[in-house]
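Bear in mind that the values here come from a model prediction, so they are computed numbers and not experimental data. The residues of the chain are indexed from 1 along the displayed sequence.
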Amino acid sequence: MQRSQHRLLEAALNQEQLDEIREIFNLYDRDRSGTLTVDELSKALSSCGMEPEEIEELFGQSDENADGVVSFDEFAKLMGSTGLFDLTG
């Protein structure tokens, strides 16, 4: 994620929301690498009823720099866009 995008995300999400997203991220990051692989995300989201094709599409959209993993910043941006967090301040 570019630095300017990261600042916009931080401005939109408060610290409590970022902490909550970090907890979710850490649950999914089974190998504690600091990134999520498609396999880690698949295991988490398939238990929520998502189909493999949906998960792969979501992963591809989230992996903005196409490095094959989803960083915390990319994950936080995804979570911020879901509507699950109030971004109105």
K.L.:
Taking side chain to side chain donor-acceptor pair (under 3.5 Å) as the test, write out the residues that go with E54, two or more places apart.
P.N.:
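Expected list: none.
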
K.L.:
If you take all heavy atoms of T35 and S71, which pair is closest and at what distance?
P.N.:
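Distance-wise, the nearest heavy atoms are CG2-CA, 4.3 Å.
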
K.L.:
Under the side chain to side chain donor-acceptor pair (under 3.5 Å) test, which residues partner Q61, sequence neighbours left out?
P.N.:
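Q61 satisfies side chain to side chain donor-acceptor pair (under 3.5 Å) with E57 once adjacent residues are dropped.
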
K.L.:
CG/L36 to CD1/I24 distance, rounded to the nearest 0.5 angstrom?
P.N.:
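Answer for the CG-CD1 pair, L36 versus I24, is 11.5 Å.
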
K.L.:
Holding to side chain to side chain contact (heavy atoms under 4.5 Å, CB included), I want the full list of residues that pass it with D67, two or more places apart in sequence or in another chain.
P.N.:
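Only D63, N65, V69 meet the side chain to side chain contact (heavy atoms under 4.5 Å, CB included) criterion with D67.
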
K.L.:
Measuring from F25:CZ to L18:CG, what's the distance to the nearest 0.5 Å?
P.N.:
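These two atoms lie 13.0 Å from each other.
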
K.L.:
Please identify which of these residues, Q15, R22, Q17, meets the side-chain hydrogen bond (donor to acceptor under 3.5 Å, both in side chains) condition with D19.
P.N.:
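When side-chain hydrogen bond (donor to acceptor under 3.5 Å, both in side chains) is applied between D19 and each of Q15, R22, Q17, only Q15 qualifies.
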
K.L.:
Holding to side chain to side chain contact (heavy atoms under 4.5 Å, CB included), I want the full list of residues that pass it with E23, two or more places apart in sequence or in another chain.
P.N.:
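Counting only residues at least two positions away or on another chain, E23 forms no side chain to side chain contact (heavy atoms under 4.5 Å, CB included).
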
K.L.:
Search all heavy atoms of G34 against all heavy atoms of D29 and return the closest pair with its distance.
P.N.:
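Distance-wise, the nearest heavy atoms are N-OD2, 2.8 Å.
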
K.L.:
Just wondering, more than 12 heavy atoms not from E16 lying within 6.0 Å of its CD?
P.N.:
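No, because the 6.0 Å sphere around CD of E16 holds 12 heavy atoms or fewer from other groups.
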
K.L.:
If every non-hydrogen atom of I21 is compared with every non-hydrogen atom of A76, which pair is closest and at what distance?
P.N.:
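It is CG2-CA, 3.9 Å.
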
K.L.:
When you measure from the side chain of E74 to the backbone of E64, do you find a donor-acceptor pair of N or O atoms at a distance under 3.5 Å?
P.N.:
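It does hold such a pair.
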
K.L.:
For residues 39-46, which side-chain donor-acceptor pairs fall under 3.5 Å, sequence neighbours excluded?
P.N.:
unit_1	atom_1	unit_2	atom_2	d
D39	OD2	K43	NZ	3.3
E40	OE1	T37	N	2.9
E40	OE2	R30	N	3.1
E40	OE2	D31	N	3.2
S42	OG	V38	O	2.7
S46	OG	S42	O	2.8
S46	OG	K43	O	3.4

K.L.:
If the condition is ring pair (Phe, Tyr, Trp, His ring centres under 6.0 Å), which residues does F59 pass it with, not counting sequence neighbours?
P.N.:
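Listed in chain order: nothing, the list is empty.
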
